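Notes for the one structure printed next.
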Amino acid sequence: MFSGIQPTADSFHIGNYLGALRQWVALQETHDTVYCVVDLHAITVPQQPADLRRRTRVAAAQLFAAGLDPDRSIVFVQSHVPEHAELAWVLSCITGFGEASRMVQFKDKSAKSGAEAASVGLFTYPILQAADILLYDTDQVPVGEDQRQHLELTRDLAQRFNHRFGQTFVVPGPYILPDVAKITDLQDPSIKMSKSASAPQGIIDVLEDPGSVRRKIMRAVTDTDGEVRADEEAKPGVTNLLRIYSALAGVPVAELETRYAGAGYGTFKKELAEIVVDALAPVRERTEKLLANETELDRMLATGAAKAHALAGPTFARVRDKVGFLPAS
Ligand code: TYM
């Protein structure tokens, strides 16, 4: 299992947490797991160096705080393992320009500043993501729904490389849990909760203070019929809240519908708010503790990078040989 997350905010949000992180933690019990804070991806849009440095540590601390165990999972920072950028270059040379142009995330992100202003790095972003995944002989990639197209490109590139140069890469598949794959914005349930697209009122951060979490949930958009019932089309706001509740409390949506029949949104939201606050509080506290000792956190990341490098090095050596690069020594 391999997955990655960008260090582009001062906290992950509950979409990241439910769509990805919780699966990452669960999967370390049963699989070989490798997880990466993708700082190379972060700089595809402008970042202040001091912010990037701080957010990379905050991201790593949240991963450990959420339950990743450095003895069971490899947790590292992407730029510490140079093979990611090296393999991305090789893969970019077998990617069609038209193929890369069809990636919707690039279209969305570049639409904001205009395609002319977007960086070439933003354009080739999915190729770097493919390199991340293929370096670790990954079978499955636990992610949210928004990453599906990038994983299809990854599969295409792995198959193309294998076809052209002989068996080299494992062809990976997505690991996406439909119930939590797209947590939506609390104010606009037609869009996914997103650090770049959502207004602060639409996002719940993992590190957010409890008062603010409660306020945002109480103000979350619902509808006028007053029934706590899931219906993606007619009641997207309530459906999203039910999904969050169900995932965090481990109670099926149908059971919640029965429990809150006739109760009204106020009661439902109040109880949901406490569930969210209780789920996030320990993560926030552990994150603070980990951040209080940067030396130790950096040491954990250095250990993770050494383990990642031990896996990525041999994969890239295989690639070098297949492509026809002379041995370096
Ligand atoms: P990123 O940093 O945007 O998001 C991290 C993970 O959180 C998931 N996610 C969500 N899941 C459910 N509901 C939401 N509203 C929501 N918002 C985000 C994302 O699907 C993701 O799993 N390109 C990746 C980072 C990456 C990567 C990789 C992932 C780089 N290399 C290799 C997998 C494998 C990204 O930007 O994720």
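Along the sequence shown, the residues carry numbers beginning at 1. Everything numeric here is computed off the predicted structure, so don't read it as measured data. Atoms within each ligand, like the ligands themselves, are counted from 1 in listed order.
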Item to check | Atom of P210, atom of R284 and distance for their closest heavy-atom approach | outcome: CD-NH1, 3.7 Å
Item to check | Neighbour count above 12 (heavy atom, 6.0 Å) for R53 CZ | outcome: no
Next on the checklist: Please list, in number order, the atoms of ligand 1 under 4.0 Å from a heavy atom of I183.
Outcome noted: 12 (C), 13 (N), 14 (C), 15 (N)
Checklist entry - Counting heavy atoms only, which of P174, S196, G144 comes nearest to atom 22 (O) of ligand 1? => result G144
Checklist entry - Of the options H150, Q105, H84, which is the one that meets Q129 in a side chain to side chain donor-acceptor pair (under 3.5 Å)? => result H150
Next on the checklist: Below a 4.0 angstrom heavy-atom separation, can you tell me which part of V143, side chain or backbone, both or neither, approaches ligand 1?
Outcome noted: both
Checklist entry - Do any N/O atoms on T184 end up under 3.5 angstrom from N/O atoms on ligand 1? => result no
Next on the checklist: Is there a polar contact between ligand 1 and G4, counting only N or O atoms under 3.5 Å apart?
Outcome noted: no
Checklist entry - Within the side chain of D205, is there an N or O that forms a donor-acceptor pair under 3.5 Å with the backbone of E208? => result no
Checklist entry - If you measure from each heavy atom of S194 to ligand 1, is any distance below 4.0 Å? => result no
Item to check | Region of Q105 engaging ligand 1 - heavy atom pairs below 4.0 Å | outcome: neither
Checklist entry - Which is it for N16 and ligand 1 at heavy atoms under 4.0 Å: side chain, backbone, both or neither? => result both
Next on the checklist: Only heavy atoms of V180, strictly under 4.0 Å: list the atoms of ligand 1 that pass.
Outcome noted: 12 (C)
Item to check | Nearest candidate to atom 5 (C) of ligand 1, where distance is taken over non-hydrogen atoms, out of I5, I191, N240 | outcome: I5
Next on the checklist: I need the atoms of ligand 1 closer than 4.0 Å to a non-hydrogen atom of V38, numbered in the order shown.
Outcome noted: 30 (C), 31 (N)
Next on the checklist: Check this for me: Q48, atom CD, are more than 12 non-hydrogen atoms of other residues, nucleotides or ligands nearer than 6.0 Å?
Outcome noted: no
Checklist entry - Where's the contact between L21 and ligand 1, heavy-atom distance under 4.0 Å: side chain, backbone, both or neither? => result neither
Next on the checklist: Between D39 and R55, does any NZ, NE, NH1 or NH2 come within less than 4.0 Å of an OD or OE carboxylate oxygen?
Outcome noted: no
Checklist outcome for this item: If you scan protein heavy atoms around atom 17 (N) of ligand 1, the nearest is H13 CE1, 3.5 Å
Checklist entry - For ligand 1, which atoms have a heavy atom of H41 less than 4.0 angstrom away? => result 30 (C), 31 (N)
Checklist entry - Near D223 CG, under 6.0 Å, is it more than 12 heavy atoms from other residues, nucleotides or ligands? => result yes
Checklist entry - Ion pair present between K182 and D146, side-chain N to carboxylate O less than 4.0 angstrom? => result no
Next on the checklist: So for ligand 1, is I133 a polar contact partner (N or O within less than 3.5 Å, distance only)?
Outcome noted: no
Checklist entry - Hey, is D146 touching ligand 1 through its side chain, its backbone, both or neither, going by heavy atoms under 4.0 Å? => result side chain
Checklist entry - K195 heavy atoms, cut-off 4.0 Å: which ligand 1 atoms fall inside? => result 2 (O)
Checklist entry - Taking non-hydrogen atoms only, is A181 closer than 4.0 angstrom to ligand 1 via side chain, backbone, both or neither? => result backbone
Next on the checklist: Suppose we measure from atom 11 (N) of ligand 1 to each protein heavy atom; which comes out shortest, and what is that distance?
Outcome noted: G15 O, 3.2 Å
Next on the checklist: Can you report which non-hydrogen protein atom sits closest to atom 31 (N) of ligand 1, along with the distance?
Outcome noted: D132 OD2, 2.6 Å
Checklist entry - What do you reckon, does Q147 have a nitrogen or oxygen under 3.5 Å from a nitrogen or oxygen of ligand 1? => result yes
Item to check | Any donor-acceptor N/O pair, Q149 side chain to R102 backbone, under 3.5 Å | outcome: yes
Checklist entry - Can you tell me the protein heavy atom closest to atom 27 (C) of ligand 1 and the distance? => result Q129 NE2, 3.5 Å
Item to check | Proximal atoms of ligand 1 relative to V141 (non-hydrogen, under 4.0 Å) | outcome: 33 (C), 34 (C)
Next on the checklist: What I want to know is whether Q6 and ligand 1 share at least one N or O pair that is separated by under 3.5 angstrom.
Outcome noted: yes
Checklist outcome for this item: The atoms of ligand 1 lying under 4.0 Å from a heavy atom of M193, numbered in the order shown, are 14 (C), 15 (N), 17 (N)
Checklist entry - Is the centre of the Y245 ring less than 6.0 Å from the centre of the Y260 ring? => result yes
Item to check | Where ligand 1 meets G19 - atom numbers and elements under 4.0 angstrom, heavy-atom basis | outcome: 11 (N), 12 (C)
Next on the checklist: With side-chain hydrogen bond (donor to acceptor under 3.5 Å, both in side chains) as the criterion, how do Q78 and D132 come out once you've worked through the C-alpha distance, each side chain's angles and the decisive distance to 0.1 Å?
Outcome noted: CA-CA 8 Å; Q78 189 184 29; D132 298 340; 2.9 Å; yes
Checklist entry - What protein heavy atom sits nearest atom 6 (C) of ligand 1, and how far off is it? => result A20 CB, 3.7 Å
Checklist entry - What do you reckon, are the aromatic ring centroids of Y136 and Y35 less than 6.0 Å apart? => result no
Checklist entry - Less than 4.0 Å between a side-chain N and a carboxylate O, is that true for E29 and R72? => result yes
Next on the checklist: Return the closest protein heavy atom for atom 36 (O) of ligand 1 as residue, atom name and distance.
Outcome noted: Y125 OH, 2.7 Å
Checklist entry - Hey, any chance Y175 and Y17 share a hydrophobic cluster, counting ILVMFWY side chains that come within less than 4.5 Å of each other, even indirectly? => result yes
Next on the checklist: For a quick test of reading the model, state the closest non-hydrogen atom pair linking A66 to V25 and the distance between them.
Outcome noted: O-CG2, 3.5 Å
Next on the checklist: Are I244 and I217 linked, directly or through intermediate hydrophobic residues, by side-chain heavy-atom contacts shorter than 4.5 Å (ILVMFWY only)?
Outcome noted: yes
